[in-house]
S.K.: 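Dropping the structure in here first, questions after.
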There are 2 protein chains.
Amino acid sequence: MLKPGHFLLLVLALTVRSSLAAETPKTRPPTMAEVLATSKPGDWRPLDPENTLYVELATGRVVIELAPGFAPAHVANVKALAREHYYDRLAVVRVQDNYVVQWVDPDADKPALARKIQSAKRTLPGEFDRPLDPSLPFTRLPDGDVYEPEVGFSGGFPVARDPKSNKMWLVHCYGMVGAGRDVAADSGGGTELYVVIGQAPRHLDRNVTLLGRVVQGMELLSALPRGTGPLGFYEKPEQRVLLKSVRVAADLAPNERSNLEVLRTDTPLFQDLIESRRNRHEEWFHFQAGHIELCSVPIPVRAASAPPAK
Amino acid sequence: MLKPGHFLLLVLALTVRSSLAAETPKTRPPTMAEVLATSKPGDWRPLDPENTLYVELATGRVVIELAPGFAPAHVANVKALAREHYYDRLAVVRVQDNYVVQWVDPDADKPALARKIQSAKRTLPGEFDRPLDPSLPFTRLPDGDVYEPEVGFSGGFPVARDPKSNKMWLVHCYGMVGAGRDVAADSGGGTELYVVIGQAPRHLDRNVTLLGRVVQGMELLSALPRGTGPLGFYEKPEQRVLLKSVRVAADLAPNERSNLEVLRTDTPLFQDLIESRRNRHEEWFHFQAGHIELCSVPIPVRAASAPPAK
């Protein structure tokens, strides 16, 4: 929306505003940039290397935060698959516009060629939801949801809750990672994974196991050429995008890791961030929405200021 | 989510189901594919060449349906700009992941180099909303909306309505096209255009003029490399993606046009389509959402069976 030169103007405006802060009492609530500028180290959390996956493409690294609190069996299995190098040299075979990117063993249906599994499992029962634990932090959004009784954030992930069925589950927002499956509910398990690259496909919620979220490198997946076959499958083998490797971060030397911090979602600061997105006070906005959808709330990620202690 | 071989299975399953239809009474509501299979010619409408824009890239054609019912001055100006070839050889200068693609005159801020405008206007007052006309067809969605009192479809576009303020306006769903502006509400006009390539940025609704929707060729925009500068601007001129030309379809010979039909949104069939997406009865689904968001309802487009009469 902004003209190219305008970002500089905005930056300048913010700088001027900030340098005048002593003289000019603020009469408006803070913008997201201003909220983040006031964050303390404790508002951020490091990624846990044991629950972080690195997908290495020729173009760079995609960092996935795993969600063992929601899909413990799938997360354990995906880590086991990564550790036995099952994913290495698999390929993105499907990129469906406004929907998903998916990687898989392209020869999975050919017994003679299919990648063998060693100690991991090929399939698992679906982990489509979990019992609602009211003791888990849950930052509920004030504006409701078209699909579910309650939505918000728990442990850094977008979550829906239904007090009636006493369940909670991860929600298919942009960047969420799930385990593809066939028709049977227990036919997934993590051998093929997909990532949401479009408008939140909420009809998939509770139909398939979500197990994590891309926290860095989404653009390496979302900008891939779309497949021209049905469901966005690439029609020619040479169009496939190879995965050089998939590794658990803990298995890399500390200096080979992407040291990232994610904004905590259980803090007053995150509440302020939500409010700064419900009503945008940046100068450009003439109308404030007064509401926000779950999948429109960003969860900021930044480089850690110092690498974690060994 | 499906394994590569699975689409074939689905197609087979549908074929078998259909061939058994005489013996097997249907006990479930139709899927979207089944709804569309029953559509009659009158359920579709051709694009109006006078309100269709072709953006020609090196990789192919992006087809935009303009919305004169919502942004008459902007649509007229965009057509005037196209007709005086203002857009030809302009460039995509910004691709922000999960947000927008934007094209503009990269030299717009340099008076000596900036593209000159002949008879069109450089800026226009914003057309952020319009009076609510209850006589216009409006297919209202049954599940509500996080942002607005009423949402649905009018004239083939996603629309929100507010009976209290007596206004209606186009909504920022995936593929919607708008006129970039600076800080002032009247600083847009159509010289720069953006297209939504991510989760619906509803906070832009009523802040900027939407004037159309991409009905074909989205993947030529959505798969462009993301810009690495602030707000997704390309940092180097050579990264920009040139627009070969932008033309009003009516100005091309009939045999040079993309003859497309769009599903009407004011029919019982479209109501059936919405229902088929609220509750998915394809075999793969074990859980039905029972709801749908505005920006998750597809508006199908197909090649016209025969070119329109000259």
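As a basis for the values below, the full set of heavy atoms in this structure was taken, side chains included, without hydrogen atoms, waters or symmetry mates. Because the structure is predicted, anything quoted here is derived from the model rather than measured. Order of the sequence lines fixes the chain letters, A, B, ..., with proteins taken first and strands second; residue numbering starts at 1 for each chain.
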S.K.: For the interface with chain B, which of A:Ala200, A:Gly198, A:Gly178 has the highest count of heavy-atom pairs at distances below 4.5 Å?
M.R.: A:Ala200

S.K.: For B:Asn98, is it the side chain, the backbone, both or neither that has a heavy atom under 4.5 Å from a heavy atom of chain A?
M.R.: both

S.K.: Shortest non-hydrogen contact from B:Leu204 to A:Phe285?
M.R.: CD2-CE2, 4.1 Å

S.K.: Which one, A:Pro201, A:Gly229, A:Ala185, A:Gly126, leads in non-hydrogen pairs under 4.5 Å with chain B?
M.R.: A:Ala185

S.K.: Less than 4.5 Å to any heavy atom of chain B: does that hold for the side chain of A:Asp143, its backbone, both, or neither?
M.R.: both

S.K.: Counting only heavy atoms closer than 4.5 Å, note whether A:Arg280 contacts chain B via side chain, backbone, both or neither.
M.R.: side chain

S.K.: Using only atom types and a distance under 3.5 Å, with no angle test, would you say the side chain of B:His286 pairs donor to acceptor with the backbone of A:Val208?
M.R.: no

S.K.: Which heavy-atom pair separates B:Tyr147 from A:Glu293 by the least distance, and what is that distance?
M.R.: OH-N, 3.0 Å

S.K.: If you count heavy-atom pairs under 4.5 Å with chain A, which of B:His203, B:Glu219, B:Arg202 comes out on top?
M.R.: B:His203

S.K.: Which region of A:Tyr174, side chain (C-beta onward) or backbone (N, CA, C, O), has a non-hydrogen atom less than 4.5 Å from a non-hydrogen atom of chain B, or is it both or neither?
M.R.: side chain

S.K.: Which residue out of A:Val95, A:Leu294, A:Asn207 racks up the most heavy-atom pairs below 4.5 Å with chain B?
M.R.: A:Asn207

S.K.: Output yes when a side-chain donor or acceptor of A:Arg181 lies under 3.5 Å from a complementary backbone atom of B:Trp284, and no otherwise.
M.R.: yes

S.K.: Which residue out of A:Gly144, A:Ser296, A:Ala223 racks up the most heavy-atom pairs below 4.5 Å with chain B?
M.R.: A:Ala223

S.K.: Taking all non-hydrogen atoms of both residues, which atom of B:Val146 and which atom of A:Ile292 are closest, and how far apart?
M.R.: CG1-O, 3.5 Å

